[in-house]
Visitor: 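Quick one: the structure is below, and I'll ask about it shortly.
Just so you know, these numbers come straight off a predicted model, no measurement behind them. We number each residue from 1, following the sequence as shown.
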Amino acid sequence: MEKIKMKTPIVEMDGDEMTRILWQYIKDELLLPFIDLNTEYYDLGLVHRNETDDRVTVEAANATQKYGVGVKCATITPNAARVKEYDLKEMYKSPNGTIRAILDGTVFRAPIQVQGIEPCVKNWKKPITIARHAYGDVYKANEMVIPGPGRVELVYTAEDGTESRALVHDFTSAGVVQGQHNLNRSIESFARSCFNYALDTKQDLWFATKDTISKKYDHTFKDIFEEIFADEYEDRFKEAGITYFYTLIDDAVARVMKAEGGFIWACKNYDGDVMSDMISSACGSLAMMTSVLVSPSGVYEYEAAHGTVMRHYYKHLAGEETSTNSVATIFAWTGALRKRGELDDIPELMRFADNLEKACIATIESGKMTKDLALITTMPDPVVLNSLAFIKAVRETMEQIYL
């Protein structure tokens with residue numbers, strides 16, 4: 001077949017360790033033979049980030065803002081051990097955090113469901129997408145150990161010097177205290193990203209906090225969502241035949257366990273962190289979960305939800321065979337290609353992305369899979385493939401059925 005032509009580049013962000021190996025396998029076997037791939041390449045591997053004092057991450061985020069679509073490989077967020085291992089100049093921040101701060105986006109994560117890898121919750125028939133606010137709360141909190149009796153207050157000092165105070169607690173003994181914050185403009189961006197993504201995917205949207213207890217902090221989230229929905233989105237939701245509703249986080253958990261799926265569940269930062277891992281684990285693993293960062297201005301950045309698979313990487317370097325699941329990384333590419341095709345009106349590129357995803361699922365459902373899935377499948381006698389062999393099996397499926 002003639003290679004599919006692209007008009008506008010996708011911003012390609014390479015990464016680290018075993019996922020970097022898979023990244024090249026995917027390009028060589030599943031993309032370059034079929035697409036005249038047009039990308040603007042940025043190496044976000046830790047070595048190159050160190051060489052550029054991490055400027056490359058900012059450049060990649062700005063390029064994604066410019067072109068509207070990016071695809072990112074998993075990257076290392078260094079700790080003290082990594083600083084020593086890679087002889088880093090400093091302990092660099094999370095690339096994902098840097099990119100999210102620049103794009104001002106919301107992270108949407110959904111499990112990739114296949115027959116034979118059954119969800120632990122038996123009534124989950126369709127994927128549940130978690131929309132996670134990516135700013136503030138405990139991740140930007142300041143903390144203090146309280147050594148003994150004393151008073152802790154929140155103090156707001158206005159620009160004119162006037163102060164407002166709120167008592168946190170009168171300590172009669174030792175304890176701990178934490179101060180969290182958020183920004184109205186960030187919550188507004190979160191709300192618009194969620195509403196836009198619901199319209200884009202034609203899914204109902206749930207939002208849940210604990211406003212009955214947190215009558216100012218969480219209630220602000222609830223109020224901003226309701227105001228933006230009423231002012232900007234209510235009529236559009238009716239036209240699309242989808243709904244938005246708010247409920248308490250504990251009620252949402254109870255509803256989710258009895259639902260069949262097929263909706264978006266919007267959560268504050270920490271809630272989304274926890275619930276996305278719960279959903280992914282219940283549906284198989286993080287290697288079977290999509291992740292896309294969506295900004296309110298309509299910028300999309302796709303990635304796998306998991307890490308760099310360090311243990312497999314060092315086996316690979318030692319010449320040992322690995323069986324690393326590449327499905328989430330493949331779906332990061334297909335998500336970016338589909339969105340690029342949609343924005344540039346290239347239906348054949350969108351069709352290719354759809355077919356590659358179907359080929360992945362069909363390969364697994366035929367009994368060919370990586371070791372992590374073979375350990376949890378209900379299929380009898382699965383064929384366990386190594387990292388490259390699985391990708392080649394996906395290519396063979398795609399060529400036989402879809403091309």
Side-chain angles (χ1 to χ4, degrees), residues 1-6 10 12 18-19 21-39 69 71 73-74 110-119 126-127 201 280 283-292 302-306 309 322-342 346-374 376-379 381-403:
M1 61 175 280
E2 183 179 349
K3 287 189 179 184
I4 299 168
K5 304 294 183 185
M6 295 176 61
I10 290 172
E12 176 187 351
M18 196 64 207
T19 46
I21 304 299
L22 297 178
W23 194 261
Q24 195 60 51
Y25 287 166
I26 291 165
K27 288 175 66 177
D28 290 344
E29 293 291 334
L30 301 177
L31 304 180
L32 292 172
F34 311 108
I35 304 171
D36 191 2
L37 197 61
N38 182 6
T39 70
V69 181
V71 59
C73 183
I112 302 162
Q113 293 184 322
V114 299
Q115 292 182 8
I117 312 294
E118 310 302 339
K126 303 173 186 177
T201 59
S280 67
C283 291
S285 75
L286 277 174
M288 296 292 289
M289 195 168 206
T290 63
S291 182
V292 55
Y302 297 82
E303 61 178 334
H306 58 73
V309 203
T322 65
S323 183
T324 314
N325 191 331
S326 55
V327 171
T329 305
I330 295 170
F331 272 59
W333 273 106
T334 55
L337 290 167
R338 184 185 298 105
K339 179 55 65 174
R340 185 79 278 162
E342 177 188 324
I346 309 175
E348 58 268 32
L349 189 60
M350 298 167 66
R351 201 158 42 242
F352 173 85
D354 291 342
N355 287 341
L356 181 49
E357 289 182 1
K358 291 174 184 175
C360 279
I361 292 170
T363 300
I364 296 169
E365 291 180 346
S366 74
K368 300 174 184 177
M369 61 193 73
T370 46
K371 185 177 179 181
D372 61 315
L373 298 183
I376 60 173
T377 185
T378 57
M379 284 185 272
D381 304 318
V383 177
V384 179
L385 300 176
N386 66 33
S387 305
L388 180 56
F390 174 75
I391 291 170
K392 289 191 173 191
V394 171
R395 176 175 176 173
E396 184 178 346
T397 302
M398 188 167 62
E399 288 176 334
Q400 287 178 349
I401 301 175
Y402 300 110
L403 296 181

Visitor: Kindly indicate, with the supporting measurements, whether the criterion side-chain contact (heavy atoms from CB on, under 4.5 Å) is fulfilled by Y25 and S326.
Guide: CA-CA 10 Å; Y25 287 166; S326 55; over 6 Å; no
Visitor: Please round to the nearest 0.5 Å and tell me the distance separating atom CG of L337 and atom CZ of F34.
Guide: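 Reported value, rounded in 0.5 Å steps: 12.5 Å.
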Visitor: Indicate the atoms forming the closest heavy-atom contact of P111 with P127, along with that distance.
Guide: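 Shortest heavy-atom contact: O-CB, 3.6 Å.
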Visitor: Quick one: pull up CG in L373 and CG in N325 and give me the separation to the nearest 0.5 Å.
Guide: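 Result: 4.5 Å between the selected atoms.
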Visitor: State whether E396 and K392 are salt-bridged, where the test is any N-O pair (Lys NZ or Arg NE/NH1/NH2 against Asp/Glu carboxylate O) under 4.0 Å.
Guide: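 K392 and E396: not salt-bridged.
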Visitor: Would you say the side-chain atoms of T322 pair up with the backbone N or O of S387, donor to acceptor, closer than 3.5 Å?
Guide: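 Not a single qualifying donor-acceptor pair exists.
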Visitor: If you round to the nearest 0.5 Å, how far is CG of L22 from CD of E29?
Guide: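 E29 atom CD to L22 atom CG measures 12.5 Å (nearest 0.5 Å).
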Visitor: Could you check whether any side-chain N or O of S323 sits under 3.5 Å from a backbone N or O of L385, counting only pairs where one atom can act as donor and the other as acceptor?
Guide: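 Looks like yes, one N/O pair under 3.5 Å.
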Visitor: Look only at the side chain of T290 and the backbone of A110, and say whether a donor-acceptor pair between them is shorter than 3.5 Å.
Guide: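 Such a contact is found between T290 side chain and A110 backbone.
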Visitor: So which atom in I4 and which in I346 form the shortest heavy-atom distance, rounded to 0.1 Å?
Guide: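 Scanning both residues, the minimum pair turns out to be CG2-CG2, 4.4 Å.
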Visitor: Would you find a donor on one side and an acceptor on the other, under 3.5 Å apart, between the side chain of Q115 and the backbone of E365?
Guide: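 Answer holds: no.
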Visitor: Ignoring hydrogens, what is the shortest heavy-atom contact between A336 and V69? Give both atom names and the distance.
Guide: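 That would be O-CG1, 3.5 Å.
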Visitor: Between atom OG1 of T39 and atom CZ of R340, what is the distance when rounded to the nearest 0.5 Å?
Guide: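 Atom-to-atom, T39:OG1 and R340:CZ are 12.0 Å apart.
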Visitor: Which atom names give the shortest non-hydrogen contact between G335 and E357, and what distance separates them?
Guide: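 Heavy atoms of G335 and E357 come nearest at N-OE2, 4.3 Å.
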Visitor: What's the shortest heavy-atom distance between Y302 and K339, and which atoms?
Guide: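 Taking every non-hydrogen atom into account, OH-CB, 3.4 Å.
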Visitor: So L31 and L356, side-chain contact (heavy atoms from CB on, under 4.5 Å) or not? Walk me through it.
Guide: CA-CA 9 Å; L31 304 180; L356 181 49; 4.1 Å; yes
Visitor: Would you say the side chain of P119 lies within less than 4.5 Å of the side chain of Q113, judging by non-hydrogen atoms?
Guide: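 Sidechains of P119 and Q113: in contact.
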Visitor: Measure the shortest side-chain to side-chain distance between I21 and T324 over non-hydrogen atoms and say whether it is less than 4.5 angstrom.
Guide: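 Not touching, per the 4.5 Å side-chain cut-off.
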Visitor: Taking atom CG of L37 and atom CE of M6, what is their separation to the nearest 0.5 Å?
Guide: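 Interatomic distance, L37 CG to M6 CE, rounded to 0.5 Å: 5.5 Å.
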Visitor: Please evaluate residues I361 and K358 with respect to the criterion side-chain contact (heavy atoms from CB on, under 4.5 Å), reporting the C-alpha separation (whole Å), side-chain torsions for both, the decisive distance (0.1 Å), and the verdict.
Guide: CA-CA 5 Å; I361 292 170; K358 291 174 184 175; 5.9 Å; no
Visitor: Could you tell me the separation between the OG1 atom of T363 and the CD1 atom of I330, rounded to the nearest 0.5 Å?
Guide: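 It is 8.5 Å, given to the nearest 0.5 Å.
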Visitor: Looking at A287 and H306, what are the two nearest heavy atoms and their distance?
Guide: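 Nearest heavy atoms, A287 then H306: CA-CD2, 3.6 Å.
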Visitor: Is the number of heavy atoms from other residues, nucleotides or ligands within 6.0 Å of NZ (K3) greater than 12?
Guide: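 Correct, the count exceeds 12.
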Visitor: K371: which residues meet the salt bridge (charged side-chain N to carboxylate O under 4.0 Å, His left out) condition with it, sequence neighbours left out?
Guide: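 K371 satisfies salt bridge (charged side-chain N to carboxylate O under 4.0 Å, His left out) with no other residue.
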Visitor: Within a reach of under 6.0 Å around CG of D381, are more than 12 heavy atoms found that belong to other residues, nucleotides or ligands?
Guide: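 Not buried by this count: 12 neighbours or fewer within 6.0 Å.
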Visitor: For E399 and R395, run salt bridge (charged side-chain N to carboxylate O under 4.0 Å, His left out): C-alpha distance rounded to whole Å, both residues' side-chain angles, the deciding distance at 0.1 Å, then the answer.
Guide: CA-CA 6 Å; E399 288 176 334; R395 176 175 176 173; 3.1 Å; yes
Visitor: Check whether any side-chain heavy atom of V114 sits under 4.5 Å from a side-chain heavy atom of M288, and report yes or no.
Guide: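 They are in contact (side-chain heavy atoms under 4.5 Å apart), so the answer is yes.
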Visitor: Checking the side chain of T377 only, and the main-chain atoms of A374 only, is there a donor and an acceptor separated by less than 3.5 Å?
Guide: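 No; zero donor-acceptor contacts below 3.5 Å.
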Visitor: Mind running side-chain contact (heavy atoms from CB on, under 4.5 Å) on F331 and T334 for me, showing each step along the way?
Guide: CA-CA 5 Å; F331 272 59; T334 55; 4.0 Å; yes
Visitor: Going by the rule side-chain hydrogen bond (donor to acceptor under 3.5 Å, both in side chains), which residues pair with E118 if we only count those two or more places apart in sequence or in a different chain?
Guide: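 So E118 forms no side-chain hydrogen bond (donor to acceptor under 3.5 Å, both in side chains) with any residue.
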